[in-house]
Amino acid sequence: MKNRMQFGFWMLFLIAFTISCDQKDSTKVVEGNAAEQAYVAPGEYDEYYAFLSGGYSGQITAYGLPSGRLLKEIPVFSQYPENGYGYSEETKPMFNTSYGFVPWDDSHHIELSQTKGEFDGRWLFVNGNNTPRIARIDLSTFETVEILEIPDVAGLHCAPFITENSEYLVSGTRFSIPIPQKDVPIDTYKENFKGLINYVSVDPEHGHMELAFQIEMPGFNYDLARNGKAVSHGWSFLTTYNSEQAHSLLEVNASQKDKDLMAIINWKKAEEYMKQGKFTERQTSYFHNLVDESTGIVESKERTLTKILDPKELPGMVYFIPVPKSPHGCDVDPTGEYIVGNGKLSADMSVYSFSKLMKAIEDENFDGDIDGIPVINYEAGLHGIVKKPGLGPLHTEFDGRGNAYTTFFISSEVVKWDVETKEILDRQPTFYSPGHLMIPGGETRKPDGKYLLAMNKITKDRYLPTGPELAHSAQLFDISGDKMKLILDFPTKGEPHYAQGIKADKVQPNAVKFYDIEANEHPYATLGEGKTKVERDGNEVHVYMTAMRSHLAPDNIEGFQVGDKVYFHVTNLEQDWDVPHGFAIQGATNAELLVMPGQTRTLVWEPKKVGVYAFYCTDFCSALHQEMSGYARVSAKGSDVPLKWGLNEELRNNQQAAHKFYDEAKASADASK
């Protein structure tokens, strides 16, 4: 019987998918002045930033809305040869983990920092799903400045969901594992496998992350989370699946029960228990990698202790409530009163009431417990059910006018409905199979209900074919009126799983335009051409190099030997906003450097053969960019060729002449722009 039900479900999926793929004619939904609504004239700025996770690229992309223009790819968990992130000596330690150097991950969920339940434009957080990590991006520079590994979890898909004043980033393990890790048979899953819910604190001034505490949970799969706001502030809500605790063929064996579970966490109560010392410490290993703001160098530290809270011993901290089977989304409306629980294998959607949940807890209206965690009676916590809104509900966000919008993966549509009455108000097809959607501010207390972005998993015929790997489709809807209207369709990089959008005027004014060169405390910074030099220490050679329009100093270096390890420490002396410089050398086996104005970056080169090798600036910077180059001479190991470098060598010990030369060269470069 169960197998027939599974078969029937997948047949329904195939029929719905076939129908959705026949809906190619977008003129049915694109009306009137759609192009005009998405158009941003040359020289004008978009109204919003949209930040999309990169999925298996491990990165983040920043787009402008409503234009859909790609503004920047922000490297996070993966090395990025465009600017040398993860290749330069300063940024390599960002990839240190307890597993070693891991220069890739699978980024899923974006979280902007919040103050009083609104996005504040300071920081952006994203999870690493494969090697469990959370990264922080500084939105004044759009650079990754911190990565924190989360220990003793596997598959950090449920991350990094933020509380309304950025007190915590909340995450849960996707794949339960033995804790601590040990060699046990996989079929002892129910006896030996556990999950963890993790609370990472965020320093309110600098944004620095710390693993505050972990809560040990039953061995389920923890999928997505949201934190309470306003009336429900202090609580977290996490959907789980595989309450069957199956370990094989999950598509069948983890879908046997009629319902799965939502975990409900009172993190204020957890804080009380922490202050009372009611935690245990566990020996483990995880890494915290943080950029030193004064030097630009990543400092990597191993941590060895975590603090664990056990809900079996700490009442009032954790509860469960049944949720439709195989849930994905878990979303809280702007008032904080309503929590939407979607089940991918359910035709209905459950909407819970926070006040009813609190009443059920107060009345101890429980249907037993799981591992000592009370299970709240389903009907007691329910606000109501949205009946048959579509097939395969995934994710819900809100417009601030009492309406909710949900993606339906199987029926390929976005559905608008009234949170209070649960009435279906509108539906529009997408092209095709949407996962997450995004309304700027749609998970905050004050959504901006102007646009909705649907991120679709399958594009089929939306763009020119590029072989079997197709671009993913993002579709922008105008939701300012009673009916949704599709106004733009654009391809995305990677496979975005989630996005968040923010008004540009919350980010744009804080943009760093250059690094103050006087504040550069990098130990190998060269603050002036008169200070350039080359030094040998055994087989290590350090080149103190400067870059300015339109030359590198020094530009001729002799005395390198086969087998040397050469460190090019390149300081960009520019202080103009739009003049980064690049550096690359023939035979390097890593990447280039892209050095921002006022910044120092280091590239390692290990010459393998004798000869004369060219180096040059990779970033077009002036009319004389092609001339911005030089040579490195490599002699045999043990050669008596002296270490020698050039570029107006007479300036080397004459700082006054060096400054004059610098000023004249800069004036000449400015005039040529």
Side-chain angles (χ1 to χ4, degrees), residues 49-63 74 76-78 104-114 119 123-137 139 144 146-150 153-164 166 168-175 196-200 202 209 221-227 236-241 263 327-332 340 342 344 394-397 406-407 409 434-444 453-457 472 474 492-502:
Y49 286 100
F51 298 102
L52 280 64
S53 67
Y56 40 70
S57 77
Q59 316 293 43
I60 291 173
T61 47
Y63 291 83
I74 305 171
V76 183
F77 294 115
S78 298
W104 171 85
D105 218 310
D106 180 17
S107 60
H108 276 227
H109 300 117
I110 301 285
E111 284 289 293
L112 285 157
S113 55
Q114 295 187 28
F119 293 151
W123 306 302
L124 182 64
F125 302 90
V126 65
N127 67 315
N129 189 20
N130 184 66
T131 304
R133 290 174 282 183
I134 296 174
R136 176 172 62 92
I137 293 85
L139 287 181
T144 301
E146 186 177 12
I147 294 181
L148 177 67
E149 185 180 2
I150 306 299
V153 303
L156 198 70
H157 176 266
C158 179
F161 301 97
I162 202 162
T163 56
E164 68 173 2
S166 303
Y168 294 107
L169 299 163
V170 181
S171 64
T173 188
R174 177 180 176 185
F175 310 114
L196 287 173
I197 294 175
N198 317 282
Y199 281 76
V200 171
V202 179
M209 299 183 290
N221 297 58
Y222 296 83
D223 191 56
L224 285 182
R226 280 287 182 257
N227 290 290
S236 302
F237 308 92
L238 300 89
T239 48
T240 78
Y241 63 100
H328 191 61
C330 174
D331 303 287
V332 181
V340 182
N342 299 338
K344 300 191 297 288
L394 286 182
H395 176 220
T396 301
E397 287 204 356
T406 302
T407 51
F409 182 83
H436 284 283
L437 57 81
M438 180 272 284
I439 295 170
E443 70 158 76
T444 71
L453 187 71
M455 286 156 283
N456 307 323
K457 299 297 184 186
H472 287 75
T492 61
K493 298 197 71 173
E495 185 199 359
H497 288 259
Y498 183 52
Q500 287 194 334
I502 184 173

Asker: Any donor-acceptor pair under 3.5 Å linking the side chain of Asn227 with the backbone of Phe161?
Answerer: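 It does hold such a pair.
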Asker: Backbone N or O of Ser78 within a donor-acceptor pair of the Gln59 side chain at under 3.5 Å?
Answerer: yes
Asker: With sequence neighbours left out, write down each residue that passes salt bridge (charged side-chain N to carboxylate O under 4.0 Å, His left out) with Asp105, or none if nothing qualifies.
Answerer: Arg133
Asker: Listed by chain and number, what are the ring pair (Phe, Tyr, Trp, His ring centres under 6.0 Å) partners of His497, not counting sequence neighbours?
Answerer: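 Partners of His497 by the ring pair (Phe, Tyr, Trp, His ring centres under 6.0 Å) criterion, ordered by chain and then number, come out as His108.
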Asker: With sequence neighbours excluded, tell me which residues meet ring pair (Phe, Tyr, Trp, His ring centres under 6.0 Å) with Tyr498.
Answerer: His395, His436
Asker: Can you list the residues that meet the side chain to side chain contact (heavy atoms under 4.5 Å, CB included) rule with Thr444, with sequence neighbours excluded?
Answerer: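 Result, side chain to side chain contact (heavy atoms under 4.5 Å, CB included) vs Thr444: Gln114, Phe119, Pro447.
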Asker: What pairs with Tyr168 under ring pair (Phe, Tyr, Trp, His ring centres under 6.0 Å), at least two apart in sequence or on another chain?
Answerer: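 Listed in chain order: Tyr199, Phe213, Trp267.
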Asker: Do you know the tightest heavy-atom contact between Tyr241 and Asp223?
Answerer: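 Of all heavy-atom pairs spanning Tyr241 and Asp223, the closest is CE2-OD1, 3.7 Å.
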Asker: Give, for atom CD1 of Ile134 and atom CD of Glu149, the distance between the pair rounded to the nearest 0.5 Å.
Answerer: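 Output value for this atom pair is 11.5 Å.
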Asker: Would you say Cys158 and Leu238 make side-chain contact, with heavy atoms under 4.5 Å?
Answerer: yes
Asker: Could you give the distance from CG (Leu394) to CG (Leu437), rounded to the nearest 0.5 Å?
Answerer: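 Here the interatomic distance stands at 9.5 Å.
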Asker: Locate the shortest heavy-atom distance separating Gly58 from Val76; write the atom from each residue and the value.
Answerer: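 Taking every non-hydrogen atom into account, O-CB, 3.6 Å.
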Asker: Could you tell me whether the side chain of Met455 reaches within less than 4.5 Å of the side chain of His472, counting heavy atoms only?
Answerer: no
Asker: Would you check if Leu112 and Leu139 make a side-chain contact, meaning some heavy-atom pair closer than 4.5 Å?
Answerer: yes
Asker: Going by the rule side chain to side chain contact (heavy atoms under 4.5 Å, CB included), which residues pair with Ala454 if we only count those two or more places apart in sequence or in a different chain?
Answerer: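 Partners of Ala454 by the side chain to side chain contact (heavy atoms under 4.5 Å, CB included) criterion, ordered by chain and then number, come out as Val414, Thr430, Leu452, Asn456, Phe477.
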Asker: In this structure, which one of Glu397, Glu443, His109 forms a side-chain contact (heavy atoms from CB on, under 4.5 Å) with Gln500?
Answerer: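 Single pass found, and it is Glu443.
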Asker: Supply the atom-to-atom distance Ile197 CD1 to Ser171 OG, rounded to the nearest 0.5 angstrom.
Answerer: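 The distance works out to 9.0 Å.
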Asker: Residues in salt bridge (charged side-chain N to carboxylate O under 4.0 Å, His left out) with Glu111, at least two apart?
Answerer: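 Only Arg226 meet the salt bridge (charged side-chain N to carboxylate O under 4.0 Å, His left out) criterion with Glu111.
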Asker: With rounding to the nearest 0.5 angstrom, report the CD1 to CD1 distance, Ile110 to Ile162.
Answerer: 12.0 Å
Asker: Please list, chain by chain and in numerical order, all residues satisfying side chain to side chain donor-acceptor pair (under 3.5 Å) with Thr163, sequence neighbours excluded.
Answerer: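 Listed in chain order: Glu167.
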Asker: Working to the nearest 0.5 Å, report the span between CZ of Arg174 and OH of Tyr222.
Answerer: 15.0 Å
Asker: Going by the angle between their ring planes, with limits at 30° and 60°, are Trp123 and Phe125 parallel, tilted or perpendicular?
Answerer: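 Ring orientation, 0 to 90° scale: perpendicular.
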Asker: Answer yes or no: is there a donor N or O on one side and an acceptor on the other, between the side chain of Thr173 and the main chain of Ala154, under 3.5 Å?
Answerer: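 Checked: pair present.
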Asker: Could you give the distance from CG (Asn129) to OG (Ser107), rounded to the nearest 0.5 Å?
Answerer: 9.0 Å
Asker: Quick one: side chain to side chain contact (heavy atoms under 4.5 Å, CB included) partners of Pro132, sequence neighbours excluded?
Answerer: Ile150, Val153, Leu156
Asker: According to side chain to side chain contact (heavy atoms under 4.5 Å, CB included), who are the partners of Ala474, at least two apart in sequence or on a separate chain?
Answerer: Leu453, Phe490, Thr492
Asker: Going by the salt bridge (Lys or Arg N to Asp or Glu O under 4.0 Å) test, which pairs reach into residues 50-63, not counting sequence neighbours?
Answerer: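 Output for this query is empty, none listed.
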Asker: Using every non-hydrogen atom in the two residues, find where Asp106 and Gly55 come nearest and quote the distance to one decimal.
Answerer: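 Scanning both residues completely, I find the closest heavy atoms to be OD1-C, 3.2 Å.
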Asker: Using side-chain heavy atoms (C-beta onward) and a distance below 4.5 Å, is Leu224 in contact with His328?
Answerer: yes
Asker: Using side chain to side chain contact (heavy atoms under 4.5 Å, CB included), reason through Phe77 and Thr131 one step at a time and then give a plain yes or no.
Answerer: CA-CA 10 Å; Phe77 294 115; Thr131 304; over 6 Å; no
Asker: Please name all residues satisfying side chain to side chain donor-acceptor pair (under 3.5 Å) with Ser57, sequence neighbours left out, ordered by chain then number.
Answerer: none
Asker: If I compare all heavy atoms of Leu169 with all of Pro160, which pair ends up nearest, and what's the gap?
Answerer: CD2-O, 3.5 Å
